[in-house]
Amino acid sequence: RFHLPTLGKLNLAETPLFSVGSLTRAIKQQVEDEFSPIRVRGEISNFRAAASGHYYFSLKDSEAQIRAVMFRGDNVGLRFQPADGIEVEALGTVSLYPERGDLQIIVRNLIPSGVGALMQAFEKLKRQLASEGLFDDDHKQELPEFPTTIAVVTSPRGAALKDFIHVLSSRWPAATIVLVPVSVQGKEAAPRIAKALDRISRWGGADVVLLGRGGGSLEDLWAFNEEVVARAIYDCETPIISAVGHESDFTIADFVADARGATPSAAAALAVPDRRELVLSFGQTENALGRAFRRDLDRRKDQVLGLSRTYGLRRPGDFLEKESQRLDFLADQLRKTGDITLRGKVTELSTLGKRLERVHPAAQLARSRDRLSLIPATLGRALENKLSLEHSRLRERKRTLQSLDPSQVLARGYSMTLHGEKVITSGDQLNPGDEIAIQFHKHRASAKVSEVHEKSLHPSEEDEA
């Protein structure tokens, strides 16, 4: 501490003499001791991010302003991007920059003053992107019905990844899961997420992308509200399902994505079908087809039986006998009277008789029987063809499901390595000394890792040499 005499008692002989450097150092020491730590609320102005990574800006209110600096080591973990006009709370120490004699705050942490500024930025960007058509349904892509490769863009240490893997492996274990690890929080999260989506789009090997993280505050989820992420989602040629936060959380990414899951688990369920439901559906379809065929066959049998019971088919001779008797009666009348009219009747009846011979019920019955005899065979062939076609389809679907069964893969000579309950997909997940289990088709072996090194399934030219 130092104390200068008042002006009223100024005496040059008794007044301490300082150099400029010693004075600034003394002032610096005093303000740091007096104001450490300190929390200041104000509005950011004159913000500048230097090439070194340090942030330089001023904090101001209606009465005054003060310089501030936030060094790179402190600003890396910020949950938002500082900018002019944002009201913040700065935690740090007051110091003096000796080279210029400027009083400044060395900021160790910076948070928005409430969520008002973030919500204002959120709504502003939302309106802008909506006006540009980034949320339009016409641009959204259809999700694949049976995906084989699923890219998961999330933190490798987050709870969301566990939810993704659990749901995907239980509903559709045949799918290959490709993890694209990214930061999901902090200053570097947004550009890394955008870069990951661009790589997946250029790769083209994924059928669908799951993008997300677990819940958190508005600040925690802010990376998914950045414009660079929104445009990367819009430009991605692979369908994207967004799963950010909890059910009540909405981000800009949710509006741009092709589909949204309320939670990571819900998003995974949207990405793949449930194999159990498919098997049940196939069984129900087979039963329904069988019932339909039996109903159709019974209906046609009833039709044939009904025709066989009609009077015309049961007593065809009665009709012919009746008409022949009438012809004989008219002939007798003609012989007795010689009536010309009756002669005409006889001629008419003679013609009728010839016609009746052509349409004799017995002949009709024979033809009807021939046609009826063909119906069961024709119907049988049609039903057999239809049943054969449906059975072929069912067998094909059964072979597809069997090929997707993990046990069938093991039966072909493959094995599965587990560390605890975790399936090992890469040697990077193992360390020497780890105890592992190797699952074969019908047996399981225990082993201990002695060495982990890179080895390609296809030897290089140097290896062959």
Side-chain angles (χ1 to χ4, degrees), residues 122 125-126 129-130 134-185 189-190 192-194 196-198 200-201 205-226 228-278:
F122 174 88
L125 181 60
K126 181 180 175 182
L129 298 181
L134 268 70
F135 303 163
D136 291 353
D137 291 338
D138 294 342
H139 183 75
K140 297 187 184 300
Q141 305 176 72
E142 292 289 337
L143 300 180
E145 188 175 5
F146 301 105
T148 58
T149 303
I150 301 170
V152 177
V153 181
T154 190
S155 169
R157 295 178 294 276
L161 178 59
K162 297 180 181 178
D163 293 340
F164 285 143
I165 293 177
H166 173 71
V167 175
L168 293 175
S169 59
S170 63
R171 288 175 62 90
W172 197 244
T176 300
I177 303 173
V178 179
L179 174 63
V180 184
V182 294
S183 300
V184 294
Q185 187 171 326
R192 290 179 180 176
I193 293 172
L197 295 178
D198 179 65
I200 293 172
S201 182
D207 299 310
V208 66
V209 178
L210 290 175
L211 169 66
R213 55 155 291 161
S217 64
L218 180 61
E219 295 89 341
D220 294 337
L221 307 180
W222 193 253
F224 297 90
N225 289 320
E226 295 282 0
V228 65
V229 172
R231 296 197 181 278
I233 294 174
Y234 184 81
D235 293 335
C236 186
E237 296 183 1
T238 305
I240 296 177
I241 303 176
S242 176
V244 183
H246 299 303
E247 186 171 357
S248 59
D249 297 323
F250 278 89
T251 64
I252 296 295
D254 295 324
F255 296 110
V256 186
D258 300 293
R260 173 189 180 260
T263 62
S265 296
L270 280 176
V272 295
D274 191 337
R275 57 174 179 168
R276 293 178 291 265
E277 293 179 358
L278 285 177

Under 3.5 Å, sequence neighbours excluded: what are the donor-acceptor pairs made by side chains of residues 144-155?
unit_1, atom_1, unit_2, atom_2, d
Thr148, OG1, Asp207, OD2, 2.9
Thr154, OG1, Gly212, O, 2.7
Ser155, OG, Arg157, N, 3.2

Return each pair, listed once, that meets side chain to side chain donor-acceptor pair (under 3.5 Å) where at least one residue sits in residues 230-241; pairs must be two or more places apart or across chains. Glu132-Arg231, Glu227-Arg231
Could you report the tightest heavy-atom contact between [X] and [Y], atom names first, then the distance?
| X | Y | answer |
| --- | --- | --- |
| Ala243 | Pro264 | CB-CA, 3.8 Å |
| Ile200 | Ala206 | CG2-CB, 4.3 Å |
| Ala271 | Leu210 | CB-CD2, 4.1 Å |

Is there a donor-acceptor pair closer than 3.5 Å between any side-chain N or O of [X] and the backbone N or O of [Y]?
| X | Y | answer |
| --- | --- | --- |
| Arg213 | Asp220 | yes |
| Asp136 | Asp138 | no |
| Gln141 | Cys236 | yes |
| Lys140 | Ala257 | yes |
| Arg192 | Ser183 | no |

How many angstroms lie between [atom1] in [X] and [atom2] in [Y], if you round to the nearest 0.5 Å?
| X | Y | atom1 | atom2 | answer |
| --- | --- | --- | --- | --- |
| Leu129 | Ile252 | CG | CD1 | 6.0 Å |
| Asp258 | Leu270 | CG | CG | 12.0 Å |
| Leu179 | Ile165 | CG | CD1 | 7.0 Å |
| Leu211 | Ile233 | CG | CD1 | 5.0 Å |
| His139 | Leu134 | NE2 | CG | 7.0 Å |
| Leu168 | Ser265 | CG | OG | 9.5 Å |

If the test is side-chain contact (heavy atoms from CB on, under 4.5 Å), which one of Thr263, Val244, Leu221 qualifies with Asp249? Leu221
Could you walk me through whether Thr251 and Asp254 satisfy the side-chain hydrogen bond (donor to acceptor under 3.5 Å, both in side chains) test, starting with their C-alpha distance in whole Å, then the side-chain angles of each, then the deciding distance to 0.1 Å, before giving a yes or no? CA-CA 5 Å; Thr251 64; Asp254 295 324; 3.3 Å; yes
